[in-house]
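Inspection log for the structure reproduced underneath, given as structure tokens.
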Amino acid sequence: MATMRQTELRYNPAELDQKWQARWEATGIYRVRDDDPRPKWYELTMYPYPSGDLHIGHWYAMAPADAHARFRHMQGYNVLHPMGFDAFGLPAENAAIKRGIHPYVWTMSNIENMRRQLRSMGAIYDWSREIVCCLPEYYKWNQWLFLKFYQAGLAYRALAAANWCDSCQTTLANEQVVNGLCERCDTTVYRREMEQWFLRTTRYADKLLQMDEIDWPEKIKTMQRNWIGRSEGVQISFDLSHLGLQEREIATFTTRIDTIYGVTLMVLAPEHPLVAKLTTPDRKAEVEAYVLQARRQTEVERLSTEREKTGVFLGSYCVNRLNGERVPLFIADYALLTYGTGAVMGVPAHDQRDYDFAKRYGLPVRVVVASPGWRGEELAQAWVGPGVMVNSGPFNGLPSDEAKGRIAGHIEGGKWGRRTVSYHMRDWLVSRQRYWGTPIPVIYCDHCGMLPVREEDLPVLLPEDAEFRPTGESPLKLHQGFFNTTCHQCHGPARRETDTLDTFFDSSWYFLRYASPHEDQAPFDPALARQWCPVDQYTGGAEHAVMHLLYARFFTKVMRDLGIVSFGEPFLRLYNQGTIIAGGAKMSKSRGNVVAPDEYVQALGADVVRAYLMFLGPWEQGGDWSDSGINGMARWLNRVWELAQRDPQELDASPVVMGKAEADRLRIPIGAEHQKKVRELQRAIHKTVKRVIADLDRFKFNTALAALMELTNAMARAWEQGGVDSATWREGVEKLLLLLAPMAPHITEELWERTGHAYSIHQQALPQWDEALAADEVITLVVQVNGKVRDRLQVPADISEEEAKRLALASPRVQSFTQGKRVEKLVYVPGKLVSVVVE
RNA sequence: GCCGAAGUGGCGGAAUGGUAGACGCGACGGUCUCAAAAACCGUUGGGGGGCAACUCCCGUGUCGGUUCGACUCCGACCUUCGGCACCA
């Protein structure tokens with residue numbers, strides 16, 4: 001940045017920023033009042049993790065969100081646009097391990113710094129509502145909510161193969177595993193059998209699929225739908241009674257019950273609990289080797305779709321009750337224990353995976369759904385489409401879609417299974433083996449067993465001193481003062497749960513806390529939550545589609561069912577901004593293209609940085625920062641500065657306007673020239689008001705700013721050409737400032753004052769536009785001949801169709817193309833064009 | 001592999017069936033200056049014709065289609081970016 005040639009501003013931006021930020025704070029104009037009679041508008045942007053430095057990405061997310069909130073404010077809403085910090089999490093603890101700073105100290109000093117940086121943005125945040133979720137006043141309510149979930153049977157502890165990140169030394173939720181790698185550090189994730197805490201998100205799968213109430217980008221809704229992955233099918237059991245085991249059958253789930261007569265193998269997940277019992281002695285060694293090898297595989301290896309289908313025969317069989325056939329039992333790692341029942345009925349003819357597996361192990365491929373052209377030949381690949389039933393006993397001849405229902409009914413009648421639904425989504429694993437999070441409020445008593453902490457004993461405080469060395473277990477386990485406790489039931493010795501909660505737990509309900517951030521009897525004041533919530537407009541990055549955004553919806557639905565809130569969706573509208581990059585590439589320290597906003601704010605002022613970020617391009621598509629580009633914004637605000645402060649009296653002295661005054665005095669018709677000029681400027685002003693309001697409403701900051709630039713260009717031209725009067729000019733300046741105020745709050749406040757208006761511009765209503773004044777009196781009528789533009793005619797806006805067609809055909813330029821040709825068709829679009837079609 | 005979004009001047013982008021390139025950056029020319037910076041004014045998609053006012057042709061990833069008219073709608077393909085990915 002130091003090397004850039006930079007615009008020299010006519011004003012001192014740093015001074016201006018400081019002056020107004022202090023004034024706003026002193027006069028409390030952004031203090032949000034609960035008793036304000038205006039309609040409420042809750043506009044929230046995702047709160048940041050306190051990394052310690054507010055980078056340009058934060059500015060890109062927050063400055064436009066602030067402008068939009070300010071816009072709603074000027075539209076007459078009582079706006080809540082709060083800010084806080086997502087303050088629990090690993091970086092703080094890692095800093096503690098690396099540099100010996102306590103996570104609390106590290107986090108709070110980062111927050112201190114970021115608060116200062118955030119203030120420099122000049123946003124309307126009401127800092128008295130700030131929330132910091134690593135403070136006991138906040139996390140106490142995490143614990144309280146956890147207990148509610150527990151009592152409702154929605155939080156449970158279970159032994160499960162959890163996702164383990166060796167670098168983070170903790171378990172992860174499924175959503176935090178991306179392609180088998182840890183979402184945070186890209187370390188390979190392993191499966192590890194552990195006792196873990198889960199929230200029953202699956203119980204809410206169907207409710208989470210209902211998205212009619214929410215106005216969200218289709219993309220995010222689709223991602224959530226895919227993540228939940230609902231599929232309807234049939235759970236059907238195969239008979240094992242001939243084996244003389246305690247288990248008399250084995251269940252499997254299928255969405256293709258129409259292919260049941262084509263089952264020629266059964267595949268179990270290697271971890272399936274029946275594997276040992278179903279393995280015959282002669283197959284034992286091979287089976288055990290395969291299970292061991294499968295367990296050793298990482299998620300990445302196991303997820304690779306290119307891999308050959310491998311498996312091992314268990315030596316035993318189950319029986320397909322529909323046709324009494326013996327079906328060989330296999331284990332194969334393409335069967336997942338966590339989906340359906342952990343067992344797959346293999347239909348090689350109609351499932352490509354089963355086909356590959358059958359080919360490899362020489363198993364029969366039996367067609368039961370005939371594709372349209374099938375003549376009984378062998379299949380080169382699985383046929384997965386619909387068709388006519390064959391080789392399927394009583395169902396032969398039916399279309400497969402119809403057979404599905406019939407067969408399902410038949411199975412239910414025989415009590416061999418039932419129609420059911422499976423989901424891709426799993427329960428949310430919320431326990432983490434780390435220190436810097438909310439302690440899970442549970443104790444283990446030798447005598448009484450596992451007990452939730454009593455509500456009156458909350459919060460379970462994080463001990464201030466702890467050994468942060470990562471061991472794979474929570475550092476809290478090593479802290480005797482924390483670990484050892486007393487059972488509130490039998491008063492005997494007990495141990496505390498030492499795992500802490502996933503930080504997504506915090507962000508799943510934080511939006512409710514802003515309604516009453518200092519409430520100490522409940523997570524939030526119910527009346528205030530009802531008043532402010534749900535969030536009317538949420539903004540943030542799309543990367544949280546299946547984590548934060550799904551969890552927050554889950555929480556809200558649970559809280560509604562528990563009677564804690566009265567609505568079922570946390571965020572009514574969602575808007576995802578894109579990502580800001582620099583020089584066409586993602587910003588990163590290694591590339592050396594990281595933009596530090598503070599330097600630009602210092603040199604050019606917050607307004608230039610804010611407005612430039614909004615001007616770069618459509619917010620949802622992200623933008624490419626350029627050092628020279630920002631100068632354009634500085635140059636323009638500089639022009640606004642100068643333009644707004646011109647003395648409009650000078651205009652009245654111009655000859656054209658003088659002529660008007662003279663004409664008035666002499667009571668003769670006023671100067672047509674003057675009238676025309678005034679009308680022109682008026683039209684520009686009113687068109688701009690209309691455009692900018694429409695654009696800001698839809699987050700189109702780039703075109704809103706472009707429209708304002710056009711207005712300043714028109715005003716500068718009008719001034720130069722003369723002929724407009726001071727009143728029209730003043731109207732232009734006033735409306736320009738009001739429309740610009742949400743985006744550039746400091747300079748507009750200063751100019752508002754300097755142009756003789758009362759404090760504060762941010763408490764004014766948005767300007768109105770007059771449709772009649774915005775309307776064109778003369779339009780450009782485009783004339784096309786055979787689709788090509790051949791002439792442009794200036795005509796009155798209210799021209800009749802006949803007149804327009806007559807003028808079009810009379811145009812010499814048009815005639816040079818229609819000469820001697822027959823006009824076949826004339827198309828007229830009012831206010832736009834005449835299209836002439838000739839042979 | 002499947003799903004979704006996008007592809008427009010030197011660059012960021014505008015226009016969602018009707019004047020393609022608004023607005024801005026950059027570049028070039030000029031004014032001011034001893035000079036430079038800043039500022040201001042002008043030009044700026046490509047090609048052809050004309051001394052000139054001007055005028056014609058081509059042009060929105062590629063190829064087709066619908067239409068009087070397509071950046072915009074439809075079909076196929078290419079590229080880029082996101083998301084999902086053995087889910088039975």
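Reminder, nothing fancy here: chain letters follow the sequence lines and each chain counts from 1. A quick note: this is a predicted structure, and the numbers were derived from the prediction, not measured.
C40(B) atom P lies 6 Å from atom CZ of Arg10(A), rounded to whole Å. Distance, Ile581(A) CD1 to G13(B) C1': 13 Å, rounded to whole Å. Look at CG on Leu604(A): it is 13 Å from P on A38(B), rounded to the nearest Å. In this entry the distance linking CZ of Arg792(A) with P of A20(B) reads 6 Å, nearest Å. For the pair Ile228(A) CD1 and G83(B) P, the computed distance is 18 Å after rounding to whole Å. Atom CG in Leu336(A) sits about 11 Å away from atom P in A85(B), given to the nearest Å. Here the P atom of nucleotide A85(B) and the CG atom of Leu181(A) are 12 Å apart, to the nearest Å. What separates CZ of Arg256(A) from P of A88(B) is a distance of 11 Å, to the nearest Å.
Between Gly629(A) and Arg639(A), it is Gly629(A) whose nearest contact on RNA chain B lies nearer the 5' terminus. Projected onto RNA chain B by closest heavy-atom contact, Ala706(A) and Ala716(A) fall at different nucleotides, the more 5' of which corresponds to Ala706(A).
When the C1' atom is compared between A35(B) and G49(B), the two are found 44 Å apart, to the nearest whole Å. Rounded to a whole angstrom, the distance from the C1' atom of A70(B) to that of G61(B) is 16 Å. When the P atom is compared between U72(B) and A6(B), the two are found 13 Å apart, to the nearest whole Å. Atom name P, nucleotides U8(B) and G29(B): the rounded distance is 29 Å, in whole Å. The same atom, C1', is picked in U79(B) and in G26(B); the two are 27 Å apart, to the nearest Å. Taking atom P in both A5(B) and A76(B), one finds a spacing of 14 Å when rounded to whole Å. On the P atoms, C57(B) is 12 Å away from A20(B), given to the nearest whole Å. Nucleotides C73(B) and U60(B), compared at atom P, are 15 Å apart to the nearest Å.
Among the atoms of the strands shown, only primed sugar atoms or phosphate atoms (P, OP1, OP2) are found under 4.0 Å from some heavy atom of Val837(A). Counting any heavy atom pair closer than 4.0 Å across all strands shown, Ser231(A) reaches sugar-phosphate atoms only and no base atom. Asp354(A) comes within 4.0 angstrom of nothing in the nucleic acid, heavy atoms only. In this structure, Thr780(A) reaches the bases: a heavy-atom distance under 4.0 Å links it to at least one base atom across the strands shown. As judged by a 4.0 angstrom heavy-atom cut-off over every strand, Arg790(A) is placed among residues touching the sugar-phosphate backbone only. Within the nucleic acid shown, Gly340(A) has no heavy atom closer than 4.0 Å to any nucleic acid atom. Here Arg813(A) lies in heavy-atom contact (under 4.0 Å) with sugar-phosphate atoms only. Counting any heavy atom pair closer than 4.0 Å across all strands shown, Val789(A) reaches sugar-phosphate atoms only and no base atom.
Residue-to-nucleotide contacts include a donor-acceptor pair under 3.5 Å from the side chain of Gln784(A) to the base of G18(B).
Although no hydrogens or angles enter the test, the distance criterion places no donor-acceptor pair under 3.5 Å between the side chain of Asp258(A) and the main chain of Ile407(A).
An OP1 or OP2 oxygen of C41(B) is reached within less than 4.0 angstrom by no side-chain nitrogen or oxygen of Arg717(A). Checking the phosphate oxygens (OP1, OP2) of G24(B), a side-chain nitrogen or oxygen of Asn713(A) falls inside 4.0 Å. Note on Lys825(A): a side-chain N or O is less than 4.0 Å away from OP1 or OP2 of C68(B). Contact between the side-chain N/O atoms of His424(A) and the OP1/OP2 oxygens of C84(B) is not found at any separation under 4.0 Å. Between Lys788(A) and A70(B) there is no side-chain polar atom (N or O) within less than 4.0 angstrom of OP1 or OP2. Phosphate proximity of A14(B) to Asn702(A): present, with a side-chain N or O under 4.0 Å from OP1 or OP2.
Taking the syn range as angles within 90° of 0, the glycosidic angle of G9(B) is syn.
Side-chain contact check for Thr780(A) and Gln794(A): at least one donor-acceptor pair (N or O, by modelled atom type) lies under 3.5 Å. Donor-acceptor pairing under 3.5 Å is lacking for the side chains of Glu642(A) and Asn638(A). Tyr423(A) and Thr201(A) are not linked by any side-chain donor-acceptor pair at a separation below 3.5 angstrom, with hydrogens and angles left out of the test.
Ring pair Phe330(A)/Tyr361(A) is tilted by interplanar angle, where 30° to 60° counts as tilted. By the 30° and 60° cut-offs, the orientation of the rings of Trp619(A) relative to Tyr60(A) is perpendicular.
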### Query
Which is it for Arg321(A) and Glu249(A) under the salt bridge (charged side-chain N to carboxylate O under 4.0 Å, His left out) test, yes or no, and what are the steps along the way?
CA-CA 11 Å; Arg321(A) 281 155 167 163; Glu249(A) 53 186 30; 3.0 Å; yes
### Task
Evaluate the criterion salt bridge (charged side-chain N to carboxylate O under 4.0 Å, His left out) for residue pair Glu710(A) and Lys687(A); output intermediate values, then yes/no.
CA-CA 11 Å; Glu710(A) 284 185 64; Lys687(A) 276 190 170 177; over 6 Å; no
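Contacts with RNA chain B (heavy atom under 4.0 Å) in residues 610-620 of chain A: Phe615(A), Leu616(A), Pro618(A), listed by number.
Using Watson-Crick or G-U wobble geometry with both donor-acceptor distances under 3.5 Å, G75(B) finds its partner in C63(B). If you check A20(B) for Watson-Crick or wobble pairing at under 3.5 angstrom, you find it has no partner at all. Applying the Watson-Crick and G-U wobble criteria (two distances, each under 3.5 Å), G1(B) pairs with C84(B). The partner of G42(B) is C28(B), by the rule that a Watson-Crick or G-U pair needs both atom distances under 3.5 Å.
Here the straight-line distance linking atom CG of Asn576(A) with atom OG1 of Thr539(A) works out to 9.0 Å at 0.5 Å rounding.
For the side chain to side chain contact (heavy atoms under 4.5 Å, CB included) criterion with Thr703(A), the lone passing option out of Leu696(A), Leu708(A), Asp695(A) is Asp695(A).
Trp59(A) and Tyr600(A) have their aromatic ring centers separated by at least 6.0 angstrom.
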